[in-house]
**Q** 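I have a structure here, written as structure tokens, and I will follow up with some questions on it.
Only heavy atoms go into these numbers, but all of them, side chains included; no hydrogens, no water, no symmetry mates. Numbers for residues simply follow the sequence, beginning at 1.
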Amino acid sequence: MDLVALADFNLVARHGGFGKASRASGRPKATLSRRVAELESSLALRLFERGARNLKLTEEGRALYERTAALLTELDETAATIAAGGDKPRGRLRISAPLLFSQTAMGRIAAGFALKYPDVRLEVTTEDRAVDMIEEGYDLVIRVNPDPDESLVGRAFLHDRLVVVASPDLPRPVADLLAPGVVRGAGDRQTWNVMTSEGRAAIGIEPILALSSLIMVRDAVRTGVGAARMPISLVSHDLADGTLLHWGDIEGSEIALWALYPSRRLLSARVSAFLDFLKQAFPNGTPDELAAYIGR
């Protein structure tokens, strides 16, 4: 297989068209078109469906792209490393991270990493959905309690848990007593099972707000409007200052943040450097270490 033609095919597939690929790479559009046509001819396969205004991968084209994109990236990285005479982290590093972690910690982490590794161009996208790393071109994803995935490997670098908190002005509930609640969605359960210093308790709730951001939930709870389930890292300062009270721990609410990358891909120097940086930022992976990144 012609590796140059394969590389041009991946370039067009990644950018979604010959024109966009040409502008991004500086290679003539006609050359890219000819190379892709030669690759299709050699494989006896149609890799793209060519419409009047758009270009779409066929099923065979998508399979070829998914299986070769990472391999070509590894070849490029290996060549660059050898040419540089070492394994110094360099190049683009694309990361997908969940919203709350991005809002509370990723800005400072990214800045520190950029200062330490100026040859790496770090790009962080904030989203809670499970992205397709290969198809969307991510080098690393950070996920909360991810489902098992044989195509991904990685490590848990941070742990947290959910607690019920409320303003000191809000009356404490007793077991099975209806109490106001600040919740994330209308479909939430109507009872919170918690562990307190006196044992297990069930807090009946009446949802009064539906807020999509935990930062908004925390700010609402601070006003005394109701109680809420929150990651303890997010309210650690409030509990220490006494501006919020701890009503109990939500049972079975352990949270783990994982840094994941494709198992088929060799671990690049820049991904390895970022994993090490996370380990330095959270050496014990405790909620208190995350709380240190969160302002009061």
**Q** How about Phe277 and Lys116: do any of their side-chain heavy atoms sit closer than 4.5 Å?
**A** yes

**Q** Looking at His15 and Gly17, would you say the former's side chain and the latter's main chain have a donor-acceptor pair under 3.5 Å?
**A** no

**Q** Run the side-chain contact (heavy atoms from CB on, under 4.5 Å) test on Phe113 and Leu122 for me, step by step, so that the C-alpha distance in whole Å, both residues' side-chain angles and the decisive distance to 0.1 Å come before the verdict.
**A** CA-CA 8 Å; Phe113 184 82; Leu122 182 60; 4.1 Å; yes

**Q** Do Asn10 and Tyr65 have side chains that approach each other closer than 4.5 Å (heavy atoms only, starting at C-beta)?
**A** yes

**Q** Decide whether Val153 and Val271 are clustered together by the hydrophobic rule: side chain heavy atoms of Ile, Leu, Val, Met, Phe, Trp, Tyr closer than 4.5 Å, transitively.
**A** yes

**Q** Using the side-chain contact (heavy atoms from CB on, under 4.5 Å) rule, take Val144 and Leu100 through it: C-alpha gap first, then chi angles, then the decisive distance, then the call.
**A** CA-CA 10 Å; Val144 178; Leu100 183 61; over 6 Å; no

**Q** Kindly say whether Asp238 contributes a backbone atom to a donor-acceptor pair with the side chain of Thr243 at under 3.5 angstrom?
**A** yes

**Q** Does the ring center of Phe282 lie less than 6.0 Å from the ring center of Tyr293?
**A** yes

**Q** Is it true that Phe18 and Phe9 have ring centroids separated by less than 6.0 Å?
**A** no

**Q** With a cut-off of 6.0 Å (strictly less than), are more than 12 heavy atoms of other residues, nucleotides or ligands near CZ of Arg46?
**A** no

**Q** Please list, chain by chain and in numerical order, all residues satisfying salt bridge (Lys or Arg N to Asp or Glu O under 4.0 Å) with Asp119, sequence neighbours excluded.
**A** Lys88

**Q** Taking the side chain as every heavy atom from C-beta outward, state whether Asp249 and Val164 have any pair of such atoms under 4.5 Å apart.
**A** no

**Q** Can a salt bridge be assigned to the pair Glu40 and Arg35 using a cut-off of 4.0 Å between side-chain N and carboxylate O?
**A** no

**Q** Quick one: does His237's side chain have a donor or acceptor within less than 3.5 Å of a partner on Ala291's backbone?
**A** yes

**Q** Tell me whether the count of non-hydrogen atoms from other residues, nucleotides or ligands lying under 6.0 Å of CG in Asp147 goes above 12.
**A** no

**Q** Hey, does Ile109 have a side-chain heavy atom less than 4.5 Å from the side chain of Leu278?
**A** yes

**Q** Stepwise, does the side-chain contact (heavy atoms from CB on, under 4.5 Å) test hold for Asp8 with Arg27?
**A** CA-CA 9 Å; Asp8 285 345; Arg27 292 172 58 76; 2.8 Å; yes

**Q** With a 3.5 Å distance limit and no angle check, can you tell me whether Ser253 reaches the backbone of Leu162 through a side-chain donor-acceptor pair?
**A** yes

**Q** Quick check against the 3.5 Å criterion: does Asn145 have a side-chain atom that pairs as donor or acceptor with the backbone of Glu254?
**A** yes

**Q** Leu64 pairs by side-chain contact (heavy atoms from CB on, under 4.5 Å) with which of Leu47, Leu57, Thr58, Leu45?
**A** Leu47

**Q** Has the side chain of Ser41 got a donor or acceptor atom that lies under 3.5 Å from a matching backbone atom of Ala37?
**A** no

**Q** Is the backbone of Asn284 close enough, under 3.5 Å, to the side chain of Glu289 for a donor and an acceptor to pair up by distance?
**A** yes

**Q** Just by modelled atom types, is the Ser268 backbone N or O under 3.5 Å from a matching donor or acceptor in the Ser272 side chain?
**A** no

**Q** Going by side chain to side chain contact (heavy atoms under 4.5 Å, CB included), name the residues that satisfy it together with Glu123, two or more places apart in sequence or in a different chain.
**A** Arg92, Arg94, Arg121

**Q** Does a side-chain heavy-atom distance below 4.5 Å link Ile255 with Arg161?
**A** no

**Q** Checking side-chain polar atoms at under 3.5 Å, does Ser233 have a donor or acceptor matched by the opposite partner on Asp288?
**A** no

**Q** Side-chain contact test, heavy atoms from C-beta onward, threshold under 4.5 Å: evaluate it for Leu234 versus Leu290 and give yes or no.
**A** no

**Q** With rounding to the nearest 0.5 angstrom, report the CG to CG distance, Leu245 to Leu239.
**A** 8.0 Å

**Q** Is it true that a side-chain atom of Arg143 and a backbone atom of Val131 form a donor plus acceptor pair closer than 3.5 Å?
**A** yes

**Q** Between Asp219 and Arg222, does at least one N-O distance fall below 4.0 Å, as a salt bridge requires?
**A** yes

**Q** Looking at side-chain heavy atoms only, is the closest gap between Ile203 and Thr191 below 4.5 Å?
**A** no

**Q** Nearest 0.5 Å, please: how far is CZ in Arg218 from CG in Leu211?
**A** 13.0 Å

**Q** Under the side-chain contact (heavy atoms from CB on, under 4.5 Å) criterion, do Met106 and Phe101 qualify, and how do the steps go?
**A** CA-CA 6 Å; Met106 184 54 86; Phe101 182 71; 3.7 Å; yes

**Q** If I take atom CG from residue Leu140 and atom OG from residue Ser96, how far apart are they, to the nearest 0.5 angstrom?
**A** 9.5 Å

